[in-house]
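Input: a single structure, listed below in structure tokens.
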Amino acid sequence: MPEQELIAARKEKLARLRARGINPYPYSFSRTHTAAELRQAFGHLNPATHTGQGVAVAGRIMALRRMGRATFADLHDRSGKIQIFLTPQTLGPEAYAFWVEHLDLGDLVGVRGEVFTTRTGELSVAAQELVLLAKALRPLPEKWHGLRDVETRYRERALDFLANPQSREILIKRALILRTIRNYLDERGFIEVETPILQPIPGGASARPFVTHHNELDRDLYLRIAPELYLKRLLVGGLERVYEIGRNFRNEGISSEHNPEFTALEAYEAYTDYQGMMELAEGLIEACVLAVAGAPHLEYQGRMINFSRPWRRVPLLELVAEASGCDVEKPLPELLVELDRKGIPVPEHLRRGPKGKVIEHLLETCAEKDLWDPTFVLDYPLDISPLAKRKRDRPDLTERFELYIAGREVANAFSELNDPEEQRERFLAQERLRAQGDEEAQRIDEDFLRDLELGMPPAGGIGIGIDRLTMILTNSPSIREVLAFPLLR
RNA sequence: GGGUCGUUAGCUCAGUCGGUAGAGCACCGGCCUUUUAAGCCGGGGGCCGCAGGUUCGAUUCCUGCACGACCCA
């Protein structure tokens with residue numbers, strides 16, 4: 001039947017309800033138990049037991065079994081489901097006939113009645129009173145396959161969540177992960193802060209920003225690509241341990257691993273360095289894995305991930321040299337010759353350098369996929385790490401790591417650069433790249449530099465992609481599964 | 001950006017070697033007082049993603065486009 005006719009049929013029922021003086025969208029309903037609480041309290045009953053105990057439950061009707069003068073309904077709430085039993089004896093003949101005619105799958109109802117078990121042992125509520133709490137006007141998806149079509153699942157999220165418990169479960173686990181992160185950091189003296197999302201200069205990462213406009217100031221502002229620079233300014237201000245969990249915005253492509261707005265954790269700790277950040281990452285993510293999986297390992301897309309500490313630590317250059325079979329210590333022109341000879345493709349726009357971008361490209365194309373168990377990739381080239389301190393014994397590298405899990409970049413961290421003069425030089429180098437056409441090059445932020453000149457304590461900082469972490473911990477193949485409302489074309 | 005596959009009823013899916021399409025669930029009507037994927041009888045429901053082309057005839061073949069999935073860059 002065309003959808004419009006199904007909706008029209010329900011609207012007709014709705015009109016008849018209103019005509020009878022029933023408010024199909026009332027204000028509230030006091031329930032005494034959720035479905036799970038009922039099972040908790042009465043789950044031990046023998047078949048065909050009448051308790052004499054009155055309860056009130058509420059939820060969505062997800063199944064209706066009409067048997068003439070008796071009807072069973074499955075009521076789903078946030079905790080699970082409970083069966084409702086309707087008969088003329090308990091509900092009254094007139095009310096029974098009326099509701100059996102006017103209830104539809106998907107309607108939200110409240111039911112007051114006695115707890116009992118059927119002769120097959122199903123815990124049920126025998127309705128003495130039924131209250132319509134919201135009439136549903138649209139048909140539900142198929143009752144045992146649910147809603148499968150991924151496009152509809154992503155475009156009509158409410159429908160997906162009400163039809164597919166697994167979809168809801170991911171959001172519940174996401175909340176658990178966020179709660180675990182906050183607890184972990186709060187217990188260690190970190191202060192949760194909120195920094196600007198509307199920024200005059202988008203800083204703290206290499207990415208293209210979204211632009212917006214403030215009418216009163218008549219000035220363009222950018223949605224942040226990262227909170228990094230503001231959080232470091234709080235270190236200057238003496239906060240010492242700060243973190244922010246919030247949305248970043250990057251004006252880039254959409255894929256199974258990228259959404260234009262995504263949630264990141266950034267944490268900064270004074271008087272430590274990137275070694276400290278590795279320990280923080282291990283502890284924090286281990287706590288999340290234990291909270292979600294109850295063990296330090298879990299399966300992702302058919303393959304186990306072992307989170308046992310300590311995690312592997314491997315220098316980037318070593319990793320890339322081994323994966324590509326090239327001598328990556330060579331200057332860029334010679335490296336390109338070797339890569340060409342070996343048939344390893346390098347996109348044209350990277351060939352002019354800086355060399356760090358080629359190294360990064362090799363990591364992405366040759367090595368990343370195999371980094372399955374958590375792996376810290378260490379010591380990134382200086383020219384692609386403008387906010388990180390130089391490595392102590394290698395001035396062309398920085399004390400920076402990325403954490404890879406299941407072949408995905410999950411975190412990025414540095415020993416934070418706090419020398420204001422060197423930071424200015426690094427920004428100027430980025431400006432030169434921008435002048436050569438690199439739209440992702442970072443920009444000079446004078447407010448940040450001024451605050452650095454006040455003295456920022458040595459510090460370690462880390463950013464963790466919450467969506468990707470949640471994907472891994474919920475065995476989700478696409479970022480869309482872990483977002484309540486992913487952006488679609 | 002390139003390749004492969006997909007798009008059929010509200011949902012889940014069949015199918016048409018080119019002759020205007022089926023099932024189950026859902027919906028509507030009937031029977032039914034312990035079902036739980038309830039059952040039985042009957043009924044209605046389709047721009048076969050969109051636009052062109054080939055053809056007497058296209059949902060089916062071809063081209064393009066849109067959207068999606070996967071792979072590659």
- Any-strand Watson-Crick or G-U partner of B:U59, both distances under 3.5 Å: none

- Task: Kindly say whether, by distance alone, the side chain of A:Thr118 makes a donor-acceptor pair under 3.5 Å with the base of B:U35?
- Result: yes

- Task: Go ahead and name the base partner of B:U12; Watson-Crick or wobble counts if both distances stay under 3.5 Å, otherwise write none.
- Result: B:A23

- Checking N1-N3 plus N6-O4 or O6-N4 for Watson-Crick, or N1-O2 and O6-N3 for wobble, each under 3.5 Å, the partner of B:C70 is B:G3

- Just how far, in rounded Å, is C1' of B:A38 from CG of A:Leu64? 12 Å

- Take nucleotides 1-14 of chain B nucleotide by nucleotide from the 5' end and write B, S or -, depending on whether a protein heavy atom sits under 4.0 Å from the base, only from the sugar-phosphate, or from neither. ---------BBSS-

- Task: Confirm from the modelled atom types if A:Gln89 and B:U33 form a donor-acceptor pair under 3.5 Å, side chain to base only.
- Result: yes

- Query: Do A:Ser476 and A:Arg174 get their side chains close enough for a donor-acceptor pair, meaning under 3.5 Å?
  - Reply: no

- Task: May I ask which nucleotide in the shown strands pairs with B:G18, Watson-Crick or G-U wobble, both distances under 3.5 Å?
- Result: none

Distances under 3.5 Å only, N/O to N/O: pair up the protein atoms with those of nucleotides 69-73 of chain B.
residue	atom	partner	partner atom	Å
B:A69	OP1	A:Arg480	NH1	2.6

- Item | B:C65: pairing nucleotide in any strand, Watson-Crick or G-U under 3.5 angstrom | B:G49

- Which residue lies toward the 5' end of RNA chain B, A:Glu101 or A:Arg66, if each is placed at its nearest nucleotide? A:Glu101

- Length of the CG-P vector between A:Leu14 and B:C27, whole Å: 17 Å

- Message: How many whole angstroms separate atom CZ of A:Arg155 from atom P of B:C67?
- Response: 8 Å

- Roughly how far apart, to the nearest Å, are B:G22 and B:G45 at atom P? 12 Å

- Inter-nucleotide C1' distance (B:A51, B:U7), Å rounded: 16 Å

- Task: Determine the interatomic distance between C1' on B:G15 and the same-named atom on B:A73; round to the nearest Å.
- Result: 38 Å

Going by atom type alone, with no hydrogens or angles, which donor-acceptor pairs under 3.5 Å involve a side-chain atom of residues 40-47 of chain A and a protein atom two or more places apart or on another chain?
none

- Kindly assign one of parallel, tilted or perpendicular to the pair A:Phe116 and A:His50, based on the angle between their ring planes and the thresholds 30° and 60°. parallel

- Item | Side-chain donor-acceptor pair present, A:Asp370, A:Tyr404, cut-off under 3.5 Å | no

- Task: Provide, to the nearest angstrom, the distance between the CZ atom belonging to A:Phe116 and the P atom belonging to B:U35.
- Result: 11 Å

- With both distances under 3.5 Å as the test, what is the Watson-Crick or G-U wobble partner of B:G39? B:C31

- Query: Can you tell me how far C1' of B:U35 sits from CE of A:Met67, to the nearest Å?
  - Reply: 5 Å

- Query: Please give, in whole Å, the distance from B:A38 P to A:Arg69 CZ?
  - Reply: 21 Å

- Residue-phosphate contact under 4.0 Å: A:Arg65 side-chain N/O, B:U35 OP1/OP2: no

- Item | Distance in angstrom units between A:Phe72 CZ and B:A38 P, rounded | 12 Å

- Task: Pick the C1' atom in B:A58 and in B:G49, then give their distance to the nearest Å.
- Result: 15 Å

- Message: Can you check the distance between B:A23 and B:G44, where both ends of the measurement are the C1' atom (answer in whole Å)?
- Response: 16 Å

- Item | Atom C1', compared across B:G19 and B:U60: separation rounded to whole Å | 11 Å

- Could you check which of B:U35, B:U34, B:C28 has an atom nearest any side-chain atom of A:Asp104? B:C28

List the atom pairs, donor and acceptor, that lie under 3.5 Å between side-chain atoms in residues 356-363 of chain A and the rest of the protein, sequence neighbours left out.
residue	atom	partner	partner atom	Å
A:Lys357	NZ	A:Asp438	OD2	2.8
A:His361	NE2	A:Pro345	O	3.3

- Message: To check you understand the geometry: which heavy-atom pair defines the closest contact between A:Tyr222 and A:Pro209, and what is its length?
- Response: CD2-CG, 3.6 Å

- Salt bridge present between A:Arg20 and A:Glu101 (N-O < 4.0 angstrom): no

- Query: Do the charged groups of A:Glu12 and A:Arg16 touch, with an N to O distance under 4.0 Å?
  - Reply: yes

- Item | Pairs where residues 11-40 of chain A contributes a residue and the test ring-ring contact (aromatic ring centres under 6.0 Å, His included) is met, not counting sequence neighbours | none

Expected list for residues 78-85 of chain A: side-chain donor-acceptor pairs under 3.5 angstrom, two or more places apart:
residue	atom	partner	partner atom	Å
A:Ser79	OG	A:Thr34	OG1	3.4
A:Ser79	OG	A:Ala35	N	3.2
A:Ser79	OG	A:Ala36	N	2.8
A:Ser79	OG	A:Asp77	OD1	2.7
A:Gln83	OE1	A:Arg65	NH2	2.8
A:Gln83	NE2	A:Ser124	OG	3.0

- Query: With a 4.0 Å cut-off, would you call A:Glu481 and A:Lys173 a salt bridge?
  - Reply: no

